[in-house]
Amino acid sequence: MKVALFIPCFIDAFYPKVGIATLELLERLGCEVDYPMQQTCCGQPMANSGCASDAAGTEALFVSNFSDYDYIVGPSASCVHHIREHLTAIEQSPETRRVRRNVWELVEFLHDVLKVQDFPWANFPHKVGLHNSCSALRGIKHASISEVDDVHFSKPMALLNKVNGIDFVMPERPDECCGFGGTFSVTEAPVSAKMGYDKVTDHHNVGAEYIVSADMSCLMHQNGCAKRMGLNMKFIHIAQILNGDSA
């Protein structure tokens with residue numbers, strides 16, 4: 001299977017190991033991976049801030065980079081959700097609709113498309129708390145949500161349960177927002193920080209050594225909160241655990 005790898009700009013700039021882990025993991029699982037070299041931002045920060053004209057140019061570049069692929073995979077639920085549901089600053093051409101239809105977030109791609117049953121190379125003997133971002137829960141539908149009385153499921157948990165040695169701990173409020181929210185963390189910094197403090201404290205109180213998520217942006221925010229609070233916690237993207245990266 002041929003896959004186009006989409007690496008969000010903040011991962012490329014600040015967390016390149018997450019991009020490398022995503023590439024290696026897809027190749028381990030038999031995918032032929034292309035990386036369009038001209039890719040930049042998907043346009044989400046500009047679109048969320050109401051800067052439609054700025055978002056349009058970025059979105060158009062994204063479409064031109066990825067329009068020839070049947071599968072576009074990225075390790076960020078918020079970016080994939082933007083492409084799939086909100087790539088609307090540009091004309092909805094056949095190419096744009098094709099890109100929106102063919103983009104997949106990494107967890108859902110592994111769970112729903114590849115249907116991975118085992119990660120024999122992965123070992124992670126640590127107590128782990130899972131953080132599902134708001135976009136992952138309510139946009140990508142990674143897992144069931146507490147406000148809806150329905151059958152419980154969790155795609156990231158189903159994948160992580162196939163990793164040897166992992167020990168999950170459950171926070172009191174597992175699907176509560178961590179407060180990052182992209183530009184929200186800038187425009188509403190005190191509220192964002194308090195939500196982040198609450199989130200990492202919830203995980204810390206149940207003994208989590210690591211917080212794992214499919215959204216590195218949320219982990220970036222929570223890591224900063226934990227450091228300011230003096231909490232000895234670590235943060236890791238799900239791609240790194242599934243790829244067997246050392247802790």
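Only this structure's heavy atoms are used, side chains among them; waters, hydrogens and symmetry mates stay out. Quick caveat, the model's predicted, so the values are computed rather than measured. Throughout, numbering of the chain's residues begins at 1 and tracks the sequence.
Between atom CE of residue Met1 and atom SG of residue Cys31 there is a gap of 6.0 Å, rounded to the nearest 0.5 Å. Considering CD of Glu172 and CG of Asp198, their distance stands at 10.5 Å, rounded to 0.5 Å. Atom-to-atom distance recorded for Thr22:OG1 and Lys17:NZ is 14.0 Å, nearest 0.5 angstrom. We find the OH-CG distance between Tyr71 and Leu26 to be 13.0 Å, quoted to the nearest 0.5 Å. To the nearest 0.5 Å, the span separating CG on Asp245 from CD1 on Ile236 amounts to 6.5 Å. Atoms NZ and OG, from Lys141 and Ser135 in turn, are 10.5 Å apart once rounded to the nearest 0.5 Å.
Listed by chain and number, the hydrophobic cluster partners of Ile20 come to none, as no ILVMFWY side chain reaches under 4.5 Å of it.
Considering only heavy atoms from C-beta on, Glu108 comes within 4.5 Å of Val80 through its side chain. Looking only at side-chain heavy atoms (C-beta outward), Lys2 and Asp34 come within less than 4.5 Å of each other. Side chains of Glu176 and Asp202 form no contact here, defined as non-hydrogen atoms less than 4.5 Å apart. Side-chain contact between His86 and His81: present, with at least one pair of heavy atoms (C-beta onward) separated by less than 4.5 Å. Side-chain atoms of Gln240 and Leu25, non-hydrogen and from C-beta on, never get closer than 4.5 Å to each other. For the pair Ile11 and Pro75, the minimum side-chain heavy-atom distance is below 4.5 Å. Between Phe235 and Met220, the closest side-chain pair of non-hydrogen atoms is not below 4.5 Å. Residues His204 and Glu209 have side chains not in contact (no heavy-atom distance under 4.5 Å, counting atoms from C-beta outward).
Under the side chain to side chain contact (heavy atoms under 4.5 Å, CB included) criterion, Thr201 pairs with Asn205, Met229, sequence neighbours left out. By the side chain to side chain contact (heavy atoms under 4.5 Å, CB included) test, Cys51 pairs with Met46, Ser49, Asp54, sequence neighbours left out.
Residues Met216 and Leu110 are members of one and the same hydrophobic cluster, defined by side-chain heavy-atom contacts under 4.5 angstrom among Ile, Leu, Val, Met, Phe, Trp and Tyr. Under a hydrophobic clustering in which Ile, Leu, Val, Met, Phe, Trp and Tyr are joined whenever their side-chain heavy atoms come within less than 4.5 Å, directly or via other members, Val18 and Phe14 fall into the same cluster. Placement of Val151 and Leu137 in two distinct hydrophobic clusters is found when ILVMFWY residues are connected by side-chain heavy-atom separations under 4.5 Å, directly or transitively. Under a hydrophobic clustering in which Ile, Leu, Val, Met, Phe, Trp and Tyr are joined whenever their side-chain heavy atoms come within less than 4.5 Å, directly or via other members, Leu61 and Leu87 fall into different clusters. Linking ILVMFWY residues whenever their side-chain heavy atoms come closer than 4.5 Å, directly or via other members, places Phe168 and Phe119 in the same cluster.
Closest approach of Ser133 and Cys218 over heavy atoms only: CB-SG, 3.6 Å. The two residues Ser144 and His152 have their closest heavy-atom pair at OG-ND1, 3.0 Å. In this structure, Ile83 and Val99 approach most closely via the heavy-atom pair CG2-CG1, 4.1 Å. Closest approach of Leu130 and Ser154 over heavy atoms only: CD2-OG, 3.9 Å. The two residues Gly179 and Met195 have their closest heavy-atom pair at CA-CB, 3.7 Å. The minimum heavy-atom distance between Ser217 and Phe10, with the atom names listed, is N-CE1, 3.4 Å.
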Walk me through it: do Tyr69 and Asn102 pass the test side chain to side chain contact (heavy atoms under 4.5 Å, CB included)? CA-CA 8 Å; Tyr69 296 94; Asn102 291 346; over 6 Å; no
Before giving the answer on side chain to side chain contact (heavy atoms under 4.5 Å, CB included), spell out for Arg84 and Ile140 the whole-Å C-alpha distance, their side-chain angles and the decisive distance to 0.1 Å. CA-CA 9 Å; Arg84 187 180 291 168; Ile140 303 296; 3.8 Å; yes
Verdict with reasoning, His126 to Asp167, per side chain to side chain contact (heavy atoms under 4.5 Å, CB included): CA-CA 6 Å; His126 301 282; Asp167 181 15; over 6 Å; no
Evaluation steps, side chain to side chain contact (heavy atoms under 4.5 Å, CB included), between Ile145 and Arg138: CA-CA 8 Å; Ile145 51 180; Arg138 295 167 181 88; 4.2 Å; yes
Between Asn65 and Gln38, does the side chain to side chain donor-acceptor pair (under 3.5 Å) criterion hold? Intermediate values first, please. CA-CA 7 Å; Asn65 278 317; Gln38 300 304 312; over 6 Å; no
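Remark: the backbone N or O of Ala214 is paired with a side-chain donor or acceptor of His237 at under 3.5 angstrom. Judged by distance alone, with hydrogens and angles left aside, the side-chain atoms of His203 form no donor-acceptor pair with the main-chain N or O of Pro171 at under 3.5 Å. A donor-acceptor pair under 3.5 Å is formed between the side chain of Gln92 and the backbone N or O of Ile90. Put simply, the side chain of Asp215 gets close to the backbone of Ser78: a donor and an acceptor are under 3.5 Å apart. Of the possible donor and acceptor atoms, none in the side chain of Glu27 sits under 3.5 Å from a partner among the backbone N and O of Glu24. Here the side chain of Trp121 pairs a donor or acceptor atom with the backbone of Leu242 at under 3.5 angstrom. A side-chain donor-acceptor contact under 3.5 Å links Ser213 to the backbone of His131. The backbone N or O of Val200 sits nowhere less than 3.5 Å from a side-chain atom of Gln222 that would complete a donor-acceptor pair.
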Output a table of donor-acceptor pairs, distance under 3.5 Å, between side-chain atoms of residues 156-165 and any protein atom two or more places apart or on a different chain; print 'none' if there are none.
unit_1	atom_1	unit_2	atom_2	d
Asn161	ND2	Met157	O	3.2
Asn164	ND2	Asn123	OD1	2.8

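For residues 95-105, the pairs satisfying salt bridge (charged side-chain N to carboxylate O under 4.0 Å, His left out) are Asp70-Arg98, with sequence neighbours left out. Residue pairs meeting the ring-ring contact (aromatic ring centres under 6.0 Å, His included) criterion with at least one partner in residues 35-65, sequence neighbours excluded, are Phe6-Phe62, Phe62-Phe66.
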